Amino acid sequence: MISFFPSRTVALYMGKMFLVRTFGILAGLVLVLQALDLLGESGKILAVPGNTDAQVWQYMSLRVPQIIARFLPFSVLLGTILTLITMNQNSEIVALKASGMSAHQVLAPLITASIGIAVLSFAFNDRIVARSTATLSQWQKVNYGPMPIDRGDRANVWVRTGDDLIQVNQIRGRGDQAQLGGITLYERDGGLLRAIVTAPNGRRSGEGWSIGPARRFDVASGAMTDLGTVVVAQGVTPDQFTLSTINADGLSFRALNEAIDDLAAAGRPTKALEGSLWHKLSGPLSSVLMPLLGAVAAFGIARSGKLFIRAVIGMALGFAYFVADNFALAMGNLGAYPPFLAAWAPFLLFLLIGEAVLLRTEE
């Protein structure tokens with residue numbers, strides 16, 4: 001495996017050059033894009049009474065991680081192309097290939113460094129970007145004013161328990177302290193409605209929910225019966241009631257996976273969230289594709305005048321991947337693509353394209 005790489009000196013030289021250019025480009029992009037973003041948002045922030053420069057800096061601290069996460073793969077692509085163009089112009093690529101190395105061996109140090117970037121990107125997205133996205137989303141909902149405390153209040157929530165459906169007009173509080181208001185239980189048998197149970201109030205009771213004073217309407221006979229206080233929805237957790245719209249970008253991988261399980265148990269659709277969950281893995285791994293897609297800029301004779309065209313082809317392949325990735329994720333959110341396909345199809349497709357181009361032209 002070690003023989004697959006160039007010498008230790010060459011590998012460290014290429015890896016260092018690649019990382020310096022990648023993070024240098026990323027720093028420049030973040031600086032420019034954050035400045036442009038502040039042109040539109042700083043006025044909105046300072047327009048709120050009581051907000052000062054401190055709130056502007058707070059906004060920057062929340063926005064910068066998002067910009068880094070979004071444009072890190074772009075920076076890896078541009079860093080790859082810039083590194084390989086420089087080495088091509090200096091005939092370093094020619095020297096490596098003349099020594100008997102294949103195109104894959106030439107790219108091995110860059111691919112190894114990009115794997116490290118992918119791991120770092122996943123950890124950064126999971127620990128920092130998710131939290132900043134959740135906080136910024138809540139702050140923007142109140143137009144950069146004071147953020148209210150989320151006490152878990154929800155309205156018009158539907159939960160499935162077995163074959164039955166429960167509709168609650170209002171939920172207050174969280175966990176075992178959650179209080180239900182305006183409960184309607186639809187008892188079903190094989191999809192056919194048998195009875196409707198209504199109650200004005202409900203609270204947690206053991207593994208179920210105690211509701212009352214309850215009344216039951218039998219669909220077959222049309223009779224109305226007073227039940228008093230009864231326990232329903234055995235096995236339904238408080239989270240299944242209090243979970244509302246899930247912001248996938250504002251949750252870590254583990255938290256999103258748990259939210260999907262709760263929503264599935266509540267009988268709610270989860271396909272779009274499952275696609276986002278898979279994309280939390282495939283997204284950072286896109287950095288590994290960039291050296292392969294930008295490799296076309298490494299080969300060919302620099303003085304032939306086609307080096308610029310090769311660089312453009314490398315950028316076109318990279319940007320085509322990002323377009324395909326966003327399109328597939330959008331199709332997954334609409335339900336047109338299965339979650340796994342929406343997240344991984346662009347990655348696998350462009351992995352094959354990159355390999356095909358490299359093998360066809362250089363190997």
Side-chain angles (χ1 to χ4, degrees), residues 131 134-135 137-143 145-248 250-252 254-274 276-277:
R131 297 178 182 179
T135 303
S137 177
Q138 293 177 1
W139 197 21
Q140 288 177 332
K141 288 180 180 179
V142 294
N143 296 320
M147 286 188 292
I149 299 175
D150 185 1
R151 304 184 186 279
D153 296 352
R154 300 291 184 265
N156 191 29
V157 175
W158 289 80
V159 172
R160 183 174 181 176
T161 170
D163 202 28
D164 300 337
L165 295 176
I166 301 175
Q167 188 263 332
V168 181
N169 290 336
Q170 189 176 38
I171 300 101
R172 294 183 179 274
R174 288 183 178 275
D176 290 337
Q177 304 303 316
Q179 301 290 325
L180 310 182
I183 306 108
T184 303
L185 170 63
Y186 298 90
E187 296 182 359
R188 303 191 304 172
D189 183 10
L192 299 177
L193 183 63
R194 295 191 297 108
I196 300 175
V197 179
T198 59
N201 301 299
R203 58 183 177 81
R204 186 74 166 155
S205 176
E207 294 298 319
W209 296 83
S210 176
I211 63 173
R215 305 186 69 192
R216 184 175 186 274
F217 172 76
D218 187 82
V219 174
S221 63
M224 182 72 73
T225 307
D226 291 327
L227 302 178
T229 300
V230 295
V231 177
V232 299
Q234 292 287 345
V236 175
T237 64
D239 284 345
Q240 291 177 234
F241 281 112
T242 56
L243 278 174
S244 58
T245 302
I246 301 299
N247 179 13
L251 295 176
S252 65
R254 181 178 179 180
L256 180 57
N257 190 39
E258 293 175 352
I260 290 173
D261 291 340
D262 289 337
L263 288 174
R268 304 188 201 175
T270 60
K271 295 299 183 182
L273 294 177
E274 290 174 20
S276 298
L277 181 70

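Only this structure's heavy atoms are used, side chains among them; waters, hydrogens and symmetry mates stay out. All of these numbers come straight from a predicted model, not from anything done at the bench.
The minimum heavy-atom distance between S210 and S205, with the atom names listed, is CB-CB, 3.7 Å. In terms of heavy-atom proximity, A259 sits nearest to L251 at CB-CD1, 4.3 Å. The two residues A248 and L273 have their closest heavy-atom pair at CB-CD2, 4.0 Å. Nearest heavy-atom pair, P213 versus P200, reported as atom, atom and distance to 0.1 Å: O-CD, 3.4 Å.
One N or O on the side chain of D218 and one on the backbone of S221 form a donor-acceptor pair closer than 3.5 Å. Looking at W209, its side chain does come within 3.5 Å of a backbone N or O of V236 through a donor-acceptor pair. Remark: side-chain polar atoms of S252 are paired, donor with acceptor, to backbone N or O of A255 under 3.5 angstrom. Counting only distance, with no hydrogens or angles, the side chain of N143 and the backbone of G145 share no donor-acceptor pair below 3.5 Å.
The shortest side-chain heavy-atom distance between V232 and V197 does not fall under the 4.5 Å cut-off. Between R194 and V219 the shortest side-chain heavy-atom distance does not fall below 4.5 Å. Under the 4.5 Å side-chain criterion, counting only non-hydrogen atoms from C-beta, I260 is in contact with L277. Here the side chains of L185 and I196 are not in contact, with every heavy-atom distance at 4.5 Å or above.
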Apply side chain to side chain contact (heavy atoms under 4.5 Å, CB included) to I183 and T198, showing your working. CA-CA 6 Å; I183 306 108; T198 59; over 6 Å; no

Take M224 and R216 through the side chain to side chain contact (heavy atoms under 4.5 Å, CB included) test and state the conclusion after the steps. CA-CA 6 Å; M224 182 72 73; R216 184 175 186 274; 5.9 Å; no

Audit row: I211, V230, side chain to side chain contact (heavy atoms under 4.5 Å, CB included) steps and yes/no: CA-CA 6 Å; I211 63 173; V230 295; 3.7 Å; yes

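Counting heavy atoms of neighbouring residues, nucleotides and ligands inside a 6.0 Å radius, atom CD of Q167 exceeds 12 of them.
In summary, R188 and D163 engage in a salt bridge, as defined by a charged side-chain N under 4.0 Å from a carboxylate O.
Rounding to the nearest 0.5 Å gives a distance of 9.0 Å between OG1 of T270 and CG of D261.
Contacts classified as ring-ring contact (aromatic ring centres under 6.0 Å, His included) and involving residues 163-189 (residues at least two apart or in different chains) are given here: W158-Y186. Under the salt bridge (charged side-chain N to carboxylate O under 4.0 Å, His left out) criterion, the residue pairs touching residues 196-208 are D176-R204, with sequence neighbours excluded.
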